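A short worksheet on the structure shown next.
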Amino acid sequence: MRRSETVSVAPSQIERLSDSAASDRTWSCTVWDDPINLMSYVTYVFMTYFHFSQARAEQLMLTVHTQGRAAVASGGREEMERHVTAMHSYGLWATVTRD
Amino acid sequence: MAEAFHRDRRGQIVANIDRAEALLLQHLLDEVAEILTTDQLPKAADMDPLMRDLGLSDLAGCAVAEPQDPVVRRLLPAGYSGDSQAADEFRRYTDTSLRTGKIADARLMKETLDRAVQVHDGRLMLDQQQAQVWLRAINDLRLALGTRLDVVAEAAAEAAGSAEDHQDAMAVALYDFLTWWQESLVWALMPE
């Protein structure tokens, strides 16, 4: 009788649930390399705005520098738009990207 | 001659600048504020005709066109790549506040420069908050200059031997100076 007490969820409902849970984590704030911004400045922005440690901030900055870009945050779309806006206010170039 | 930024014993961020350098920077800051103010073009179809006639450009809620000027485009880049609808939407909601913020940063830098030269014989003394604003304002100046230099360099490469050379040398010197100065400010602000 216990089995009948459990809620039985149709497969399509499971899909929808997992989609909405997953969609909260499929957006990123991606910072792009550019020829003008100083490496020290980019590091400083990452420390100040995201509160990364200096080591982590430097690591991300180097990724931007050597690979052309780095995803510095991920989460919901609106949150990523706020981060991208902040990056623009600091003069970094960033975009909201889909993972 | 300008002196590098450093942190003094009381924790203030200090530097020196002379009158001529300050005037040059103020002129540049005016240019950046000007270009951010005037290069605002809502999509024509969306602009209220009365607002347009009055010369007002309250863009909040208006669709905003992608900037034409490369400097403005660099100061206000697209928030989405490869999705023009999302990019337009993003620009619509962020354009005004970003412009306002950058204009305010430029204004504060200009005012503190003025005070330094008029009252403190070229000595700049910034608290933590002012120093952060300066960092962004100097960065915007470098973005503006750097973008212009790139644009000019490309054009000069196409039409070899242009008379832009003289202007370029000045812009390059200014850019190099600001690069050095900004670097010193970042290190003055870095936690020990």
Side-chain angles (χ1 to χ4, degrees), chain A residues 23 26-58 61 64-65 67-99, chain B residues 32 71 73-83 86-87 89-105 128-129 131-133 135-150 153 175 178-192:
Chain A
S23 70
T26 58
W27 299 92
S28 285
C29 167
T30 297
V31 173
W32 299 86
D33 190 28
D34 76 85
I36 295 172
N37 282 320
L38 294 167
M39 287 165 67
S40 60
Y41 177 66
V42 173
T43 302
Y44 182 77
V45 170
F46 288 168
M47 287 170 68
T48 307
Y49 177 76
F50 289 111
H51 305 294
F52 294 141
S53 67
Q54 187 162 351
R56 178 86 180 116
E58 270 171 8
M61 176 278 294
V64 171
H65 185 66
Q67 296 185 24
R69 74 211 178 302
V72 296
S74 50
R77 185 172 180 169
E78 273 184 32
E79 190 194 353
M80 295 307 107
E81 288 195 346
R82 278 199 298 278
H83 290 328
V84 165
T85 306
M87 292 299 100
H88 290 181
S89 77
Y90 283 104
L92 271 61
W93 180 32
T95 56
V96 177
T97 53
R98 193 102 212 224
D99 289 346
Chain B
V32 169
V71 168
R73 217 170 28 244
R74 181 56 191 86
L75 290 171
L76 303 167
Y80 286 82
S81 187
D83 183 347
E89 195 70 13
F90 179 86
R91 195 173 285 285
R92 174 197 284 246
Y93 290 108
T94 61
D95 190 271
T96 301
S97 67
L98 279 170
R99 283 179 196 261
T100 306
K102 284 173 185 291
I103 291 166
D105 288 347
Q128 191 74 12
Q129 204 205 12
Q132 303 261 10
V133 171
L135 202 46
R136 289 198 301 271
I138 294 180
N139 202 63
D140 281 343
L141 287 180
R142 290 186 58 249
L143 287 175
L145 274 171
T147 304
R148 279 271 180 264
L149 285 169
D150 221 346
Y175 181 80
L178 286 168
T179 301
W180 165 81
W181 220 30
Q182 187 186 19
E183 184 84 54
S184 73
L185 180 53
V186 174
W187 289 109
L189 280 167
M190 279 286 191
E192 261 132 67

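Note that the structure is a prediction, hence the values are computed from the model and not measured. Basis for what follows: all heavy atoms, side chains included, without hydrogens, waters or symmetry-related copies. A, B, ... follow the sequence lines: proteins, then strands. Residue 1 opens every chain.
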| query | From A:E81 CD over to B:Y80 OH, what is the distance, rounded to the nearest 0.5 angstrom? | reply | 3.5 Å

| remark: All heavy atoms of B:T147 vs all of A:I36, minimum pair found to be N-CD1, 3.9 Å

| query | Of the backbone (N, CA, C, O) and the side chain (C-beta and beyond), which part of B:L76 lies under 4.5 Å from a heavy atom of chain A, both, or neither? | reply | neither

| Can you find a pair of side-chain heavy atoms, one from A:H88 and one from B:F90, that are under 4.5 Å apart? | yes

| Which pair of non-hydrogen atoms, one from B:M190 and one from A:S40, has the smallest distance, and what is that distance? | CE-O, 3.8 Å

| query | Residues in ring-ring contact (aromatic ring centres under 6.0 Å, His included) with A:W32, at least two apart? | reply | A:W93

| Most chain A-contacting option - heavy-atom pairs closer than 4.5 Å, from B:G101, B:A78, B:P77 | B:P77

| task | To the nearest 0.5 angstrom, please state how far the CG atom of A:L38 sits from the OG1 atom of B:T179. | result | 6.0 Å

| query | Considering residues at least two apart in sequence or located in another chain, which fulfil the salt bridge (charged side-chain N to carboxylate O under 4.0 Å, His left out) criterion with A:D33? | reply | none

| query | What do the steps show when you test B:Q132 against A:Y90 for side-chain hydrogen bond (donor to acceptor under 3.5 Å, both in side chains), and what is the final call? | reply | CA-CA 10 Å; B:Q132 303 261 10; A:Y90 283 104; 4.9 Å; no

| Residue B:L143 versus chain A: region with a heavy atom under 4.5 Å | both

| query | How would you list, in number order, the residues of residues 44-51 of chain A that have a heavy atom less than 4.5 Å from chain B? | reply | A:Y44, A:M47, A:T48

| Residues A:R98 and B:D83 bridged, charged N to O under 4.0 Å | no

| field | Counterpart residues, side chain to side chain donor-acceptor pair (under 3.5 Å), relative to B:S97 (two or more places apart) | value | none

